[in-house]
Amino acid sequence: MPGIDLTTLSAREYDRLSAHEMTPAMAAEYLWSGSIVLRTFHDTLRELYPHPDLLPRLTAVFQADAQDRNPESIAKNVRNWVTDRSQPTSREDIFHIAFALSLTEQQASYLLGLGTDYAIHYRDGREAVYAWFLRTGKSYGEARAFFESLPPEPRLDTLPGNGREHLTRDLQNEFLRVQTEDDLRLCYLRNLEKFGAFHLRAYTYFSKYLKQLVRPASSVDDMREPDYSMEAVMEQYLSLKMPSGRERGGYSVVQKLIKRNWPNATALKNIRLRREDVPRKLLLLLYVITENVVDGEYHELDEDYISPQERLEDHWYCLNAILSDCGMPCLDPRNATDWLVLYAITAGDDQPMSERMEQVIEVLYADVR
């Protein structure tokens, strides 16, 4: 097992995957049957705030901070979050929850990653300001009022002209040095032209992986073929036998979770043009499809003598490093998609990871085709 802390249930799933005893059909059955104990938003809230007044506290704070919204509607939303009928997808709502429960900056970042793919984004001016107010123990109302007093962000998302790849980290470090609200205002204004909504590191990885897929191998006469279109990339590599269409009626919980936000050609085009951010699920799929072989260098993981356990551990560390670099949550064996990815990366005996994943998907969705 990797030398990191895992909960008992997560460690059990990691060990099950490491044992390399399930065929793709067995893996599909395991997921479909609900045997995997999924991590839920409610579980995480209870871990971060293990007190009996979770529901009344959240309800009271959200209703007090509301302006013209219906108190009953607010109470229903909060009740749904706490009972796992739904989970918030708005980053603003998750920040609001973090302030309501007096979470730390790190806890809020974890909760954001669970609900929306990304932890706190310090190149987003609003989130950098909210993080400072969390860090200093102030309220959501104070944070929101302060941000609304600032000039709007230009929301530029082109790569910086100086080519710095770790601009987000630089901004985070600068905001960490802020001591007062006056300093915070000056820091915000000084960095106004550096802010952006999208994540530069994730886009860098996306571009690197996509480049391997849009450039087919040269033909026999050494004449390079035309680059694949996004439609061709989707059909050739990313479909993986996943049923098309948005209809999810009759799907099990796990089937819904894995299919949710599965990429399509339109999404690939929009991400490539910087109109949308890179989803965590897409980054995971690209890692599996390319097997993270994008530089042409020798990788010991390709050798036959590497055991499934060693292969899983090495990919575990490599993929978690990429996710962390992008500001995304690390792999969670109790997340349905992550479990499927971890199953795929244990492929060996010359079987591509993508083929192993495709075999599971084909069986998992056989009843809804």
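These figures come from a predicted structure and were not determined experimentally.
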Between [X] (side chain only) and [Y] (backbone N and O only), is there a donor and an acceptor less than 3.5 Å apart?
X      : Y      : answer
Ser109 : Ile120 : yes
Gln63  : Pro71  : yes
Asp117 : Arg280 : yes
Asn320 : Leu331 : yes
Glu355 : Pro352 : no
Gln255 : Leu364 : yes
Trp262 : Lys281 : no
His315 : Glu291 : no
Arg123 : Leu167 : no
Ser33  : Tyr30  : yes

Inset, instruction - Report, as yes or no, whether the 6.0 Å neighbourhood of atom CZ on Arg185 holds more than 12 heavy atoms from other residues, nucleotides or ligands. - result: yes

Legend entry - NZ (Lys208) with more than 12 external heavy atoms under 6.0 Å: yes

Where do [X] and [Y] come nearest, in terms of heavy atoms and distance?
X      : Y      : result
Arg274 : Leu200 : NH1-CD2, 4.0 Å
Ile94  : Gly115 : CD1-CA, 4.1 Å
Tyr188 : Gly125 : CE1-CA, 3.9 Å
Ile258 : Ala336 : CG1-CB, 3.9 Å
Leu114 : Pro329 : N-CG, 4.1 Å
Glu105 : Ala131 : OE2-CB, 3.6 Å

Inset, instruction - Under the side-chain contact (heavy atoms from CB on, under 4.5 Å) rule, what do Phe195 and His121 come out as? Steps first, then yes or no, please. - result: CA-CA 10 Å; Phe195 292 137; His121 184 29; over 6 Å; no

Gap separating the [atom1] atom of [X] from the [atom2] atom of [Y], nearest 0.5 angstrom:
X      : Y      : atom1 : atom2 : answer
Ser354 : Leu238 : OG    : CG    : 10.0 Å
Tyr110 : Gln106 : OH    : CD    : 14.0 Å
Arg190 : Leu171 : CZ    : CG    : 10.0 Å
Ser10  : Asp338 : OG    : CG    : 10.0 Å
Cys187 : Phe175 : SG    : CZ    : 4.0 Å

Are [X] and [Y] side-chain neighbours, meaning at least one heavy-atom pair lies under 4.5 Å?
X      : Y      : value
Leu283 : Ile322 : yes
Arg311 : Thr346 : no
Thr59  : Ile74  : no
Tyr140 : Phe133 : no
Tyr228 : Leu213 : no
Asp170 : Glu174 : no
Phe95  : Leu134 : yes
Ile97  : Phe62  : yes

Linking I/L/V/M/F/W/Y whenever any side-chain heavy atoms sit under 4.5 Å apart, do [X] and [Y] land together?
X      : Y      : value
Leu38  : Ile361 : yes
Val288 : Leu284 : yes
Met26  : Ile36  : yes
Leu192 : Val129 : yes
Leu340 : Val253 : yes

Inset, instruction - Assess the side chains of Asp277 and Tyr203: does a donor N or O sit below 3.5 Å from an acceptor N or O? - result: no

Legend entry - Any donor-acceptor N or O pair under 3.5 Å, side chains Arg57, Ser102: yes

Inset, instruction - Kindly confirm or rule out a cation-pi arrangement of Arg356 over Tyr343, judged by NZ or CZ under 6.0 Å from the six-membered ring centre and within 45° of its axis? - result: yes

Inset, instruction - Just say parallel, tilted or perpendicular for the rings of Tyr209 and Tyr287, cut-offs at 30° and 60°. - result: perpendicular

Residue pairs fulfilling salt bridge (Lys or Arg N to Asp or Glu O under 4.0 Å) with at least one residue in [range], sequence neighbours excluded:
range            : value
residues 34-44   : Arg39-Glu47, Arg39-Asp332, Asp43-Arg334
residues 229-238 : Glu231-Lys269
residues 83-98   : Arg91-Glu127, Glu92-Arg126

Legend entry - Thr337 and Arg260: CA distance, side-chain angles, deciding distance, side chain to side chain donor-acceptor pair (under 3.5 Å) verdict: CA-CA 10 Å; Thr337 298; Arg260 180 184 297 166; over 6 Å; no

Inset, instruction - Check the pair Glu148, Arg144 against salt bridge (charged side-chain N to carboxylate O under 4.0 Å, His left out), reporting the backbone distance first and the verdict last. - result: CA-CA 6 Å; Glu148 289 174 351; Arg144 186 166 181 172; 3.3 Å; yes

Inset, instruction - Take Ile271 and Leu210, measure what side-chain contact (heavy atoms from CB on, under 4.5 Å) needs, and give me the verdict at the end. - result: CA-CA 11 Å; Ile271 294 166; Leu210 190 65; over 6 Å; no

Inset, instruction - Dump the intermediate steps for side-chain contact (heavy atoms from CB on, under 4.5 Å) on Leu312 and Tyr14, then the final yes or no. - result: CA-CA 9 Å; Leu312 175 59; Tyr14 184 93; 3.9 Å; yes

Inset, instruction - Test Trp339 against Val254 for side-chain contact (heavy atoms from CB on, under 4.5 Å), laying out the working first. - result: CA-CA 11 Å; Trp339 194 97; Val254 168; over 6 Å; no

Inset, instruction - Check side chain to side chain donor-acceptor pair (under 3.5 Å) between Ser207 and all other residues, then give those that pass, not counting sequence neighbours. - result: none

Legend entry - For Tyr118, ring pair (Phe, Tyr, Trp, His ring centres under 6.0 Å) partners two or more places apart: His199

Inset, instruction - Not counting sequence neighbours, which residues clear ring pair (Phe, Tyr, Trp, His ring centres under 6.0 Å) with Phe41? List them please. - result: none

Inset, instruction - Check step by step if salt bridge (charged side-chain N to carboxylate O under 4.0 Å, His left out) holds for Asp325 and Arg169. - result: CA-CA 10 Å; Asp325 197 27; Arg169 193 174 304 164; 3.3 Å; yes

Legend entry - Validation row, ring centre Phe146 to ring centre Trp132 under 6.0 Å: no

